[in-house]
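Let me begin by presenting the structure, written as structure tokens, before commenting on it.
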Amino acid sequence: MVRIFIGALALGALCAGRLSAQTDFRNLDDGRPIATEDAWPIEHRGFELLAPVAISRAAGRTESVVTPELGWGILRNAMIGGKLPVLLGSNGGIAGPRAYAFYNFNSESASLPGFALRADVAFPGGVAAGDRATVALKAIATRSWGRFRTHLNVVHGFGEGASLPATDAAPRWGASLASDLLSIRRSTLFLFEVRAAEPTAGDDLEWTAAGGLRSQLTPTLVFDVGVATSIARDGGSQRSFTLGLTHTFGLAALWPRGAQ
């Protein structure tokens, strides 16, 4: 897993060239590649198509998940979207469709950070899904200092343990602190994160350290890669690796000029 990460890291750094006026690679998506988000939605009327793959290993067992996602900047300060986690392997299957809404309440100022709220709903449906809908609410704050930014996320989940999906289930509560640094010469963002969470299905507090990068490969394509190590209170540990691409586009891309 470490060798894969190093190779992907090098690929992203080498492929990223200077791309003027491109900022989508700075927009931190949930789990792309760290769990912490920034307080900014995607561009108004813009779309993001995400195709991440996550591989995790714990207690000698490996789990792979593909989560296609589509987001839409419905307003200048808001976005909505949906995703569909799919567990791979003989015991895999759909882990329930998800929908979310994200609203930014204020832009950064000299005295206040950027602040946003996000609501996620996981629906039943699929062999790896829960047996009822669950909800998670997240508060997000972002503060910038030139090329350096910090982000604070606090999340609370609502749902009984028996109803949880097999992957990407919201915690009973969680908090994360992350920083990102913009590369001087390339359209690349380096990310670092520490988070703590208490799973809804148990009482074992889990600490995670994660890192990765987001890199703008073309004006519409962003590459991301990350690794994380989690340690629970009972001594159990998990390592995970994420790799993904994000494609941004507008309605004009769906109906090119001159198309009938």
Side-chain angles (χ1 to χ4, degrees), residues 1-5 8 28-37 48-71 80-100 118-136 138 155 157-174 176 193 195 197-204 206-210 212 223-232 234 236-247:
M1 185 177 294
V2 174
R3 288 194 296 268
I4 295 175
F5 172 70
L28 303 187
D29 302 300
D30 177 33
R32 300 294 308 282
I34 60 176
T36 305
E37 298 180 79
E48 278 189 347
L49 180 62
L50 299 87
V53 177
I55 303 171
S56 60
R57 185 169 179 81
R61 183 165 135 332
T62 300
E63 178 182 277
S64 301
V65 183
V66 178
T67 310
E69 177 180 342
L70 181 65
I80 59 174
K83 54 185 178 179
L84 188 66
V86 179
L87 276 169
L88 304 180
S90 57
N91 296 322
I94 294 175
R98 319 289 171 90
Y100 62 85
R118 172 172 171 151
D120 286 75
V121 181
F123 298 97
V127 297
D131 56 18
R132 67 192 70 179
T134 59
V135 178
K138 181 190 292 184
V155 61
F158 304 86
E160 300 176 7
S163 68
L164 296 177
T167 185
D168 194 27
R172 179 176 288 118
W173 69 267
S176 64
E193 171 192 67
R195 66 180 186 266
E198 184 177 285
T200 304
D203 297 324
D204 290 330
E206 185 176 82
W207 287 90
T208 301
F223 166 84
D224 66 84
V225 59
V227 292
T229 298
S230 301
I231 301 176
D234 62 2
S237 64
Q238 174 178 289
R239 291 182 299 166
S240 59
F241 168 79
T242 63
L243 181 70
L245 292 172
T246 301
H247 175 55

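Residue indices begin at 1 and follow the sequence shown.
- Pairing each heavy atom of A166 with each of L87, the nearest pair is CB-CD1, 3.7 Å.
- Distance check, rounded to the nearest 0.5 Å: CG of D224 to CG of D29 gives 8.0 Å.
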- [ ] For side chain to side chain contact (heavy atoms under 4.5 Å, CB included), just list the numbers for I55 and T62, CA-CA rounded to whole Å, side-chain angles, deciding distance to a tenth of an Å, and then say yes or no.
- [x] CA-CA 7 Å; I55 303 171; T62 300; 3.8 Å; yes
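- By the side-chain hydrogen bond (donor to acceptor under 3.5 Å, both in side chains) test, E69 is found to be paired with Y100, residues two or more places apart in sequence or in another chain being considered.
- Looking only at distances, a side-chain donor or acceptor of R172 sits under 3.5 Å from a matching main-chain atom of P199.
- The distance from atom CG of D120 to atom NZ of K83, rounded to the nearest 0.5 Å, is 6.0 Å.
- Put simply, the side chain of P124 does not reach to within 4.5 Å of the side chain of D131, judged on heavy atoms.
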Task: Residue pair D30, R118: steps toward the side chain to side chain contact (heavy atoms under 4.5 Å, CB included) verdict - done: CA-CA 10 Å; D30 177 33; R118 172 172 171 151; 3.7 Å; yes
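- Using a 4.5 Å cut-off on side-chain heavy atoms (C-beta onward), V66 and P52 make no contact.
- When every heavy atom of A197 is checked against every heavy atom of P171, the shortest pair comes out as CB-CB, 4.1 Å.
- Minimum interatomic distance between G93 and V127 (heavy atoms only, all atoms of both residues): CA-CG2, 3.5 Å.
- The CG atom of L70 lies 12.0 Å from the CG atom of L84; values are rounded to the nearest 0.5 Å.
- When all heavy atoms of T167 and P85 are compared, the closest pair comes out as CG2-CB, 4.0 Å.
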Open item on the list: What verdict does the side chain to side chain contact (heavy atoms under 4.5 Å, CB included) test give for L49 and T246, after you've listed the backbone C-alpha separation in whole Å, the side-chain angles of each residue and the deciding distance to 0.1 Å?
Closed with: CA-CA 6 Å; L49 180 62; T246 301; over 6 Å; no
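- At least one side-chain heavy atom of F223 sits under 4.5 Å from a side-chain heavy atom of L243.
- Contact annotation: the side chain of R98 approaches that of D168 to within less than 4.5 Å [non-hydrogen atoms, C-beta and beyond].
- Other residues, nucleotides and ligands contribute only 12 or fewer heavy atoms inside 6.0 Å of the CD1 atom of I231.
- Considering only heavy atoms from C-beta on, V65 stays 4.5 Å or farther from V53 through its side chain.
- For the residue pair S56 / S240, no side-chain donor-acceptor distance below 3.5 Å is found, with atom types taken as modelled.
- Put simply, the side chain of V225 reaches to within 4.5 Å of the side chain of F241, judged on heavy atoms.
- Here E193 pairs with T36, R195 under the side-chain hydrogen bond (donor to acceptor under 3.5 Å, both in side chains) rule; sequence neighbours left out.
- Side-chain atoms of R32 and T242 form no donor-acceptor pair, as typed in the model, at a separation below 3.5 Å.
- Smallest separation of non-hydrogen atoms from P97 and G125: CD-O, 3.8 Å.
- Around CD1 of I94, the count of heavy atoms belonging to other residues, nucleotides or ligands within 6.0 Å does not exceed 12.
- The residues R57 and E63 are annotated as not salt-bridged, no charged nitrogen and carboxylate oxygen being separated by less than 4.0 angstrom.
- To the nearest 0.5 Å, the span separating OG1 on T229 from CD on Q238 amounts to 9.5 Å.
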